[in-house]
Amino acid sequence: MNSYFEHPSIAVLDRDEILFAVEDERFTGIKHGRTYSPYQTYLPVASLYHGLAAVDATVDDIDEIGYSYHRWTHLRSLAGCFTGKRVSGFREELTAFLSLVNLRQAMRSGYDIPRRYRDRIFPEKLARVPFREYHHHLAHAASAFHCSDFEEALVVVADGAGERSATSVYRGRGGQLERIGGVDLPNSLGIFYSMITAHLGFEPFSDEFKVMGLAAYGEPAHRQACSRILRLGPDGSYVLDLAALRSLDTLLGPARRPGEPLAQRHKDIARSVQDRLTEALHHVLGHWLGRTGLRNVCLAGGTFLNCVANGSLARDPRIEGIFVQPAAHDAGTAIGAAALSAVRRGGGPKVVFRSAALGTSHTAAACEKACAAAEVPHVRPAPEDMIDAVARRLADGEVVGVFRGRMEFGPRALGMRSLLASPADPAMRDRLNRIKGREDFRPVAPIVLREHFDTYFDGQPNRYMLFTTRALERTVREAPSAVHVDGTARVQCVQEDEDPWLHALITRFAELTGLPMVINTSLNVRGKPIVESPAEALACLGSTAMNLLVLEDVLAGPGAPDAVRQAVGSAGSGVAEGTA
């Protein structure tokens with residue numbers, strides 16, 4: 001379980017298999033699940049309830065709760081508030097410690113547990129479940145190494161901070177993770193990137209991905225200033241100059257106000273901080289690759305959601321295999337803590353991680369019921385007609401929402417809760433950004449059939465959209481909306497054995513258009529989490545300019561009946577149609 005600061009989440013493991021994982025934001029409707037605050041004790045009770053319901057269990061069935069933060073290590077680090085080793089104040093950090101102390105009391109008291117959840121969560125029994133705290137970076141490391149296929153690997157964690165650690169390096173072998181190095185606060189790569197995110201007028205600890213996207217429009221004009229703020233040292237070390245970080249107005253120019261137009265200066269700052277982060281990560285990994293001789297790498301921590309840096313690291317010739325935890329941010333530590341508890345209790349060194357589709361699901365009947373309640377026209381075609389209808393509408397330039405299967409765990413929509421469109425129209429990216437209410441500089445991601453990846457892209461193929469790749473000339477010509485302004489793309493590969501429905505859809509789209517890819521962005525609107533329920537998906541359909549919505553076996557929207565009739569054609573497979 002994770003609930004410290006942001007991204008509260010839970011994961012359910014049974015022996016060596018991950019059965020369920022979800023972020024609390026999907027139920028609260030609050031992006032990141034809670035405010036980034038040290039002052040609030042937070043129990044992700046909605047996630048816990050839905051996790052137990054998904055596996056038909058109650059708190060009686062829980063052997064142990066693994067928690068991804070260690071309060072006593074945090075308390076021992078508070079001296080850093082007086083020695084310059086923490087950027088935050090003593091009172092703030094002490095309050096954060098007390099919020100952790102109060103977590104067990106929150107479980108015991110029952111105040112946070114609504115009555116509707118008490119058929120599975122009994123406060124008096126939850127308080128008696130064994131509760132074990134793990135160091136934050138160790139939980140991050142476990143979420144990557146234990147979910148990877150590697151028997152031995154170099155494991156690197158980088159984020160804002162965990163207790164006192166900012167970057168941690170481990171050797172993973174079998175069921176063991178041995179910490180072999182690292183960099184402590186205040187020298188944090190995450191804080192470096194987040195503070196410049198704030199300087200650019202975006203939300204720190206939230207909008208860093210926007211800076212990553214904006215960087216493609218800039219030049220490294222502020223390289224020298226960023227090198228002064230973040231200095232690289234010997235043996236894979238680095239130093240964050242706090243005085244320079246507090247003087248960004250002097251070094252980089254005045255801070256941008258939120259909502260203020262983006263000037264070229266801001267784009268150049270974004271490019272400069274992105275380049276410096278990438279250099280620093282190469283510096284850290286390069287040293288430890290050389291020192292250990294290891295060739296497989298596992299990465300976790302919010303910094304490694306930076307797919308531009310990941311794509312660059314993947315091109316290092318010394319790396320033979322690379323695995324980035326898809327939920328590399330703090331939510332993923334719920335998996336790591338659960339894995340550490342499972343291994344400690346005698347489980348195998350690896351946990352089964354078949355895909356990131358680990359969240360809630362809804363039946364077709366529930367989707368039909370939601371359509372009827374919302375008075376949305378809907379049909380329930382045969383599976384092959386659904387595929388054909390959606391592919392044809394995508395080929396015709398329409399935007400289709402997809403709500404199917406189990407919800408993705410992590411920040412990326414991977415075709416389970418997505419908006420899909422054709423990449424052939426050069427204006428489609430801007431159209432999707434308008435539908436979502438997103439900034440116009442942000443890219444969208446292509447989903448390509450794995451067997452065609454090398455035809456269109458050069459780089460690391462990945463099913464979780466975690467690496468940028470170079471788009472080949474053919475891609476720029478045939479699928480312009482799939483390509484970012486700098487000629488790169490954050491690609492998701494799909495294989496038939498991993499996602500038969502999505503593979504079949506793109507295959508049919510390719511038969512119609514000649515393009516074995518679509519473009520994808522998450523099914524939500526700006527400022528809200530990815531949708532969790534059919535009602536939320538229908539709200540997106542009704543409040544945006546998307547054309548159709550797939551809800552499991554149901555196709556919804558004013559054009560749904562005509563779309564299916566077109567697909568069925570004169571042969572007629574039979575369609576169940578409903579309009580309220």
Side-chain angles (χ1 to χ4, degrees), residues 1-8 34-42 66-106 131-143 155-170 177-195 204-205 229-231 233 235-243 245-246 280 284 300-304 328-334 336-337 340:
M1 182 171 74
N2 171 67
S3 69
Y4 188 72
F5 282 136
E6 57 186 348
H7 303 295
R34 59 170 293 192
T35 303
Y36 186 88
S37 169
Y39 300 109
Q40 181 183 7
T41 298
Y42 194 96
Y67 190 72
S68 62
Y69 209 85
H70 198 275
R71 54 181 161 165
W72 301 114
T73 303
H74 179 88
L75 182 64
R76 288 192 291 270
S77 75
L78 297 197
C81 296
F82 304 103
T83 62
K85 292 185 177 181
R86 299 195 77 100
V87 296
S88 47
F90 175 76
R91 179 174 294 181
E92 182 180 41
E93 294 300 335
L94 180 61
T95 304
F97 165 76
L98 294 175
S99 76
L100 290 175
V101 172
N102 287 336
L103 183 65
R104 291 309 305 276
Q105 184 59 38
F131 186 87
R132 183 171 295 272
E133 298 174 18
Y134 296 99
H135 291 106
H136 186 67
H137 276 201
L138 179 62
H140 267 308
S143 76
V155 186
V156 180
V157 175
D159 61 3
E163 292 96 16
R164 64 165 63 92
S165 301
T167 296
S168 296
V169 183
Y170 298 83
L177 280 160
E178 175 194 2
R179 193 176 192 273
I180 57 176
V183 179
D184 290 340
L185 285 171
N187 303 305
S188 165
L189 298 177
I191 289 174
F192 165 68
Y193 205 94
S194 291
M195 292 304 96
F205 308 106
I229 298 167
L230 182 65
R231 301 193 304 271
D235 301 326
S237 67
Y238 61 86
V239 174
L240 184 62
D241 188 327
L242 295 184
L245 194 64
R246 294 182 178 118
V284 172
T303 298
F304 290 111
H329 58 331
D330 279 2
T333 61
L340 289 166

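Since we're looking at a predicted model, the values are computed, not measured. Counting begins at 1 with the first residue of the sequence. When reading the values below, keep in mind they use all heavy atoms of this one structure, side chains included, and skip hydrogens, waters and symmetry mates.
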Ring centres under 6.0 angstrom apart (Tyr67, Tyr134):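 Distance test on ring centres: not under 6.0 Å, no.
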
Under the rule for side chain to side chain contact (heavy atoms under 4.5 Å, CB included), what residues qualify as partners of [X], not counting sequence neighbours?
X: Ser99; answer: Tyr4, Thr41
X: Asn187; answer: Val183, Tyr238, Val239, Leu240
X: Ala280; answer: Leu189, Leu230, Leu232
X: Arg179; answer: Ser165, Ser168, Tyr170, Asp184

Identify, with sequence neighbours excluded, every residue that meets ring-ring contact (aromatic ring centres under 6.0 Å, His included) alongside [X].
X: His329; value: His7
X: Phe205; value: Tyr36
X: His136; value: Tyr69, His140

Checking [X] now: which residues fulfil side-chain hydrogen bond (donor to acceptor under 3.5 Å, both in side chains) with it, not counting sequence neighbours?
X: Ser194; result: Glu208
X: Arg231; result: Asp241
X: Ser237; result: none
X: Glu163; result: none

Rounded to the nearest 0.5 Å, what separates atom [atom1] in [X] from atom [atom2] in [Y]?
X: Tyr42; Y: Ser3; atom1: OH; atom2: OG; answer: 8.5 Å
X: Thr303; Y: Phe192; atom1: OG1; atom2: CZ; answer: 11.0 Å
X: Leu78; Y: Lys85; atom1: CG; atom2: NZ; answer: 13.5 Å
X: His74; Y: Leu94; atom1: NE2; atom2: CG; answer: 8.0 Å

Judged by atom type as modelled, is there a donor-acceptor pair below 3.5 Å linking the side chain of [X] to the main-chain atoms of [Y]?
X: Thr333; Y: Met1; value: no
X: Ser143; Y: Gly336; value: no
X: His70; Y: Thr73; value: yes

Would you call [X] and [Y] a side-chain contact if the rule is heavy atoms closer than 4.5 Å?
X: Val169; Y: Val155; value: no
X: Phe131; Y: Glu133; value: yes
X: Pro186; Y: Ile191; value: no

Reference residue Ser77; test side-chain hydrogen bond (donor to acceptor under 3.5 Å, both in side chains); the match among Arg86, Glu93, Arg164: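 Filter result, single survivor: Arg86.
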
Asn2 versus Ser68, side-chain donor and acceptor atoms under 3.5 Å: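 Checked: Ser68/Asn2 side chains pair up, N/O donor to acceptor below 3.5 Å.
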
Salt bridge (charged side-chain N to carboxylate O under 4.0 Å, His left out) involving Arg132 - partner list, sequence neighbours excluded: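 Arg132 satisfies salt bridge (charged side-chain N to carboxylate O under 4.0 Å, His left out) with Glu64 only.
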
Check against side-chain contact (heavy atoms from CB on, under 4.5 Å), Leu242 and Val87: CA-CA 8 Å; Leu242 295 184; Val87 296; 3.6 Å; yes

Heavy-atom pair with the smallest gap, counting every atom of Ser188 and Asp159: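 Scanning both residues completely, I find the closest heavy atoms to be OG-O, 3.2 Å.
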
